[in-house]
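Below, each value reflects all heavy atoms present in this structure, side chains not excepted, and no hydrogens, waters or symmetry copies. Quick caveat, the model's predicted, so the values are computed rather than measured. In the text below, chain A, chain B and the rest are named by the order of the sequence lines, each starting its count at 1.
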Amino acid sequence: MTGANGFKVNAFRRAARASEGESNDLAAWAREDRGRLQTIDGIGLSTANHIVELVTLGRIPDLDTLRGQVPSGLPELLTLQGLGPKTVKVLWESAGITSLEELDSAIDAGRLAEIPRLGPKSIANLRLAVKARIASGNAPRRYRLGEAVPQAESLLARLRLAKGTIRAQFAGSARRGRETVGDLDLLVASTDPGAAQTAFVTLPGVARVLAGGETRASVQLENGLQVDLRVVEDQAFGAALLYFTGSKDHNVRLRERAISRGMRLNEYGLFVEAEPGGEPPSVPVSAHTEEEIYRALELPFWPPELRESSALDSFDTTPSLVELSDIKAELHAHTTASDGELTIDELAQLAKSRGFHTIAVTDHSRASAQANGLSVERLLRHIGMIREAEARVGGIRILAGSEVDILADGRLDYDDETLARLDIVVASPHTALRQDPEAATRRLVAAIRHPLVHILGHPTGRIIQGRDGLSPDMAKLYEAARESSTAFEVNSHWMRLDLRDVHVHGAVAAGCLVAIDCDIHSAADADNLRYGVATARRGHLTAASCVNAWPSATLHAWLASKH
DNA sequence: GCCGTTTTCGGCCCGACTGTTTTCAGTCG
């Protein structure tokens, strides 16, 4: 809007995304070792200096200057569908519009009619967007992974019934496993694109068709979620999947790499660039699968969960990330004894049906009174019932455990003598989740270093779009966990995903163990495992460092080592 | 502003769709 070089704008965007996905403590670097900031791909001298300013001054003077050049209500206009910087600048300079309210009244008064390139249809669309924004009162929301993925799958199930559909899959940030997504991206391979389009725009729950062409279409569902569809020929499915999965930065890097090798990459395939004056080849070097395209670009295959990164030279070979099918144990589950819905036997049967060799019964401790936490006496009786259930059910190890509260000062909710009777101890913070970072660090380090604790459950206590939770010094937690062989939990519930992806990466880099658990309260919770695995994969976790993926003997030897 | 297995200067991904235009600008993903 200020007429700045668009490449410069993009450079700042890239730097922002790069720092967002960074697992190292950039504030500490800014204070102690500012040169290291420039080792991050996309951050140069200028941005590094801005980060130092932000950390030391609490503000970035250049940003304040820029803000002073633009009315404060203008940036919000950019978030309206169909309105970009060029049009906002024109609205501002030729119609004096500086806020949503002013735009609204200008439309109502017909004052936009004389603006070049703004015809009646554009104004009608703008009017719709403005009225919707004023009615809802806030910018487009993001949807949590566990809300979006089931929605995507139910839409795909219907698209698969359309005439000519060969395959259908979701892509975008949902496939990359981001904790929240802004929209859904669906990809269909079909011999009858028209049928796919028709099926798409008439899906149940579609409130408005935003765009519809021969190969792509966008709709908005009644709940506000935008869904984009791309229809391709089956032979180009891999190229389209690569394109539609993103991230945008990753795609840009792949395309640049193609250019440097005399090729061109788009959603139809990887092509050899035409000789000057020659016909461009119509048959791609590769297009059918993502794997082929990475190979043709002389790159290892990048799992979707790692495609946030734009640095293509991070690995020489494909990292063997943990997979859903590797998980053979659930180590955090509740029964009717505290706040769960399942009995011990039902829980064990559920775990057996998933092919697990071990299930841990970890009901709440006494401090979690609201969750019917167990007194010492009840816990001791519960242990006896777990032993009986293991003998009765057969074919699976049923561990007697506890999800013991970490009290605000770092002490645990049961004494050591009681904890020592358990096969597994998951220690979790449930209260005092707003304590300052220093207190939180002391508290969590104490729990991690407790000799009877195996797993630190949902370490920060955050709820996505709900509460921030604790903000401990993660480097100190990693160090304590590595030294004491205590695992960090990735809680698979889509409202938690705690540890979060960048912290998993930090823990993995520090050599820590990680557990991926569902914190089962009802049978449906077991289906959240995919989200926990996706989060772990985003953090580069391998099966070797994931305790739930270990063979039974290895897992039980580790558990027994803490006694 | 960032970056370099040709480059420290001169580039910076690529295509679809819409609405406005008689050939294309703006926006989006």
Side-chain angles (χ1 to χ4, degrees), chain A residues 1 4-18 37-51 60 62-63 66 77-91 112-113 115-126 129 140 171-174 176 181-187 193 197 209-219 226-232 236 239-271 273 280 297-298 310-313:
Chain A
M1 288 186 290
N5 181 326
F7 295 112
K8 179 173 167 180
V9 176
N10 268 338
F12 276 125
R13 286 206 176 111
R14 276 198 64 219
R17 283 193 289 261
L37 292 170
Q38 286 183 71
T39 63
I40 296 169
D41 195 47
I43 294 182
L45 179 62
S46 176
T47 306
N49 286 336
H50 287 323
I51 293 173
I60 301 174
D62 280 0
L63 180 59
L66 274 174
L77 299 185
L78 290 175
T79 67
L80 293 173
Q81 181 82 238
L83 208 49
K86 295 275 168 58
T87 313
V88 169
K89 186 174 161 71
V90 170
L91 289 172
L112 299 189
I115 293 179
R117 300 201 64 87
L118 263 191
K121 281 196 171 181
S122 297
I123 293 174
N125 283 336
L126 201 49
S173 48
R176 301 200 306 276
V181 305
D183 65 8
L184 287 179
D185 302 293
L186 308 184
L187 183 62
Q197 295 286 354
V209 180
L210 302 171
E214 292 191 358
T215 63
R216 62 190 307 170
S218 295
V219 299
Q226 181 174 326
V227 187
D228 299 326
L229 173 72
R230 184 89 201 208
V231 185
V232 297
L241 188 59
L242 186 61
Y243 153 74
F244 224 13
T245 297
S247 65
K248 193 187 185 87
D249 286 335
H250 188 78
N251 284 348
V252 169
R253 290 306 180 218
L254 290 178
R255 288 169 177 189
E256 286 174 354
R257 188 174 179 96
I259 290 169
S260 74
R261 282 166 168 66
M263 295 184 280
R264 187 163 51 89
L265 177 63
N266 58 30
E267 56 265 54
Y268 301 107
L270 179 66
F271 298 87
E273 200 62 270
L297 290 171
E298 299 175 87
S310 60
L312 292 181
D313 54 359

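Along DNA chain B, the nucleotide nearest to A/Gly82 and the one nearest to A/Asn251 differ in position, and the one closer to the 5' end is contacted by A/Asn251. With DNA chain B read from its 5' end, the first of the two nearest nucleotides for A/Gly119 and A/Gly42 is the one closest to A/Gly42.
Among the protein residues, A/Pro85 comes within range of the sugar-phosphate backbone only, with heavy atoms under 4.0 Å from sugar or phosphate atoms but none that close to a base. Backbone-only contact: A/Leu80 has heavy atoms under 4.0 Å from sugar-phosphate atoms and none from a base. When heavy atoms are screened at a 4.0 angstrom cut-off, A/Gly212 is found touching the sugar-phosphate backbone but no base atom. A/Gln226 comes within 4.0 angstrom of the backbone, heavy atoms only, and of no base. Residue A/Asn125 is in sugar-phosphate contact alone, with no base atom involved, counting any heavy-atom pair closer than 4.0 Å across all strands shown. Nucleic acid contact for A/Arg14: none, since no nucleic acid atom lies under 4.0 Å from a heavy atom of the residue. Contact annotation for A/Phe7: base contact, defined as any heavy-atom pair under 4.0 Å involving a base atom. Across all strands shown, A/Asn266 has heavy atoms under 4.0 Å from sugar-phosphate atoms exclusively, and none from any base. Within 4.0 Å of A/Leu254, counting heavy atoms only, lies no atom of the nucleic acid at all.
For A/Asp228, the side-chain atoms get nearest to B/dG29 when compared with the rest of B/dG19, B/dG29, B/dC14. For A/Lys248, taking side-chain heavy atoms from C-beta onward, the closest of the listed nucleotides B/dT20, B/dG29, B/dC17 is B/dG29. Among B/dC13, B/dG29, B/dT18, the nucleotide with an atom closest to any side-chain atom of A/Glu256 is B/dC13. Comparing B/dC12, B/dA16, B/dT20 by their closest approach to the side chain of A/Pro120 singles out B/dT20. Set against B/dG29, B/dA25, B/dC13, the side chain of A/Val252 has B/dC13 as its closest nucleotide. Comparing B/dC13, B/dG15, B/dT27 by their nearest atom to the side chain of A/Thr87 picks out B/dT27. The A/Ala211 side chain lies nearest to B/dT18 when the options are B/dT18, B/dA25, B/dG29. Here the nucleotide nearest the side chain of A/Ser46, chosen from B/dC17, B/dG1, B/dA25, is B/dG1.
Closest approach of A/Gln197 and A/Thr215 over heavy atoms only: NE2-C, 3.5 Å.
The side chain of A/Ser218 contributes no N or O atom lying less than 4.0 Å from OP1 or OP2 of B/dA16. A sub-4.0 Å separation between OP1 or OP2 of B/dC2 and a side-chain N or O of A/Thr47 is present. Between A/Ser122 and B/dG19, a side-chain N or O to OP1/OP2 separation shorter than 4.0 Å is absent. Taking side-chain N and O atoms only, A/Tyr268 has a distance below 4.0 Å to OP1 or OP2 of B/dA16. Contact between the side-chain N/O atoms of A/Arg13 and the OP1/OP2 oxygens of B/dG1 is not found at any separation under 4.0 Å.
Using a distance-only test at 3.5 Å, with no hydrogens or angles considered, no donor-acceptor pair links the side chain of A/Arg230 to the main chain of A/Phe244. The main-chain N or O of A/Tyr243 is found under 3.5 Å from a side-chain atom of A/Asn251 such that the two form a donor-acceptor pair. Judged by distance alone, with hydrogens and angles left aside, the side-chain atoms of A/Asn266 form a donor-acceptor pair with the main-chain N or O of A/Gly269 at under 3.5 Å. Within the 3.5 Å criterion, the main-chain N or O of A/Leu242 finds no donor-acceptor partner in the side chain of A/Thr245. Judged by distance alone, with hydrogens and angles left aside, the side-chain atoms of A/Arg257 form a donor-acceptor pair with the main-chain N or O of A/Glu298 at under 3.5 Å.
Rounded to whole Å, the separation between the P atoms of B/dC17 and B/dT22 comes to 23 Å. Taking the P atom of each, B/dC14 and B/dT21 are spaced 30 Å apart, rounded to whole Å. Nucleotides B/dC9 and B/dA16 place their P atoms 38 Å apart, quoted to the nearest Å. Using C1' as the reference atom, B/dG19 and B/dT23 are 13 Å apart when rounded to the nearest Å. For the C1' atom pair drawn from B/dC28 and B/dC13, the interatomic distance equals 14 Å after rounding to whole Å. Using atom P as the reference point in both B/dA25 and B/dT20, the two lie 16 Å apart (nearest Å). Using C1' as the reference atom, B/dT8 and B/dC3 are 9 Å apart when rounded to the nearest Å.
Summarising the geometry, the separation between CZ on A/Arg261 and C1' on B/dT6 is reported as 13 Å, rounded to the nearest angstrom. A straight line from CG of A/Leu118 to P of B/dG26 spans 11 Å, rounded to a whole angstrom. Atom-to-atom, CD of A/Glu267 to P of B/dC28 comes out at 18 Å; the value is rounded to the nearest Å. Remark: P of B/dC12 and CG of A/Asn10 are 13 Å apart, rounded to the nearest angstrom. In this structure, A/Tyr243 places its OH atom 9 Å from P of B/dA16, rounding to the nearest Å. The distance between atom CG of A/Asp249 and atom C1' of B/dC14, rounded to the nearest whole Å, is 15 Å. Rounded to an integer number of Å, the gap from A/Arg253 CZ to B/dC12 P is 12 Å. For A/Lys8 and B/dG10, the NZ to C1' distance is 17 Å, given to the nearest whole Å.
In this structure, A/Asp41 pairs ionically with A/Arg14, as a charged nitrogen and a carboxylate oxygen lie closer than 4.0 Å.
Across the strands present, B/dT8 finds no partner; the criterion is a Watson-Crick or G-U wobble pair with both atom distances under 3.5 angstrom.
Considering A/Leu66, A/Leu77, A/Leu78 as possible partners of A/Met1, the one that fulfils the side chain to side chain contact (heavy atoms under 4.5 Å, CB included) test is A/Leu78.
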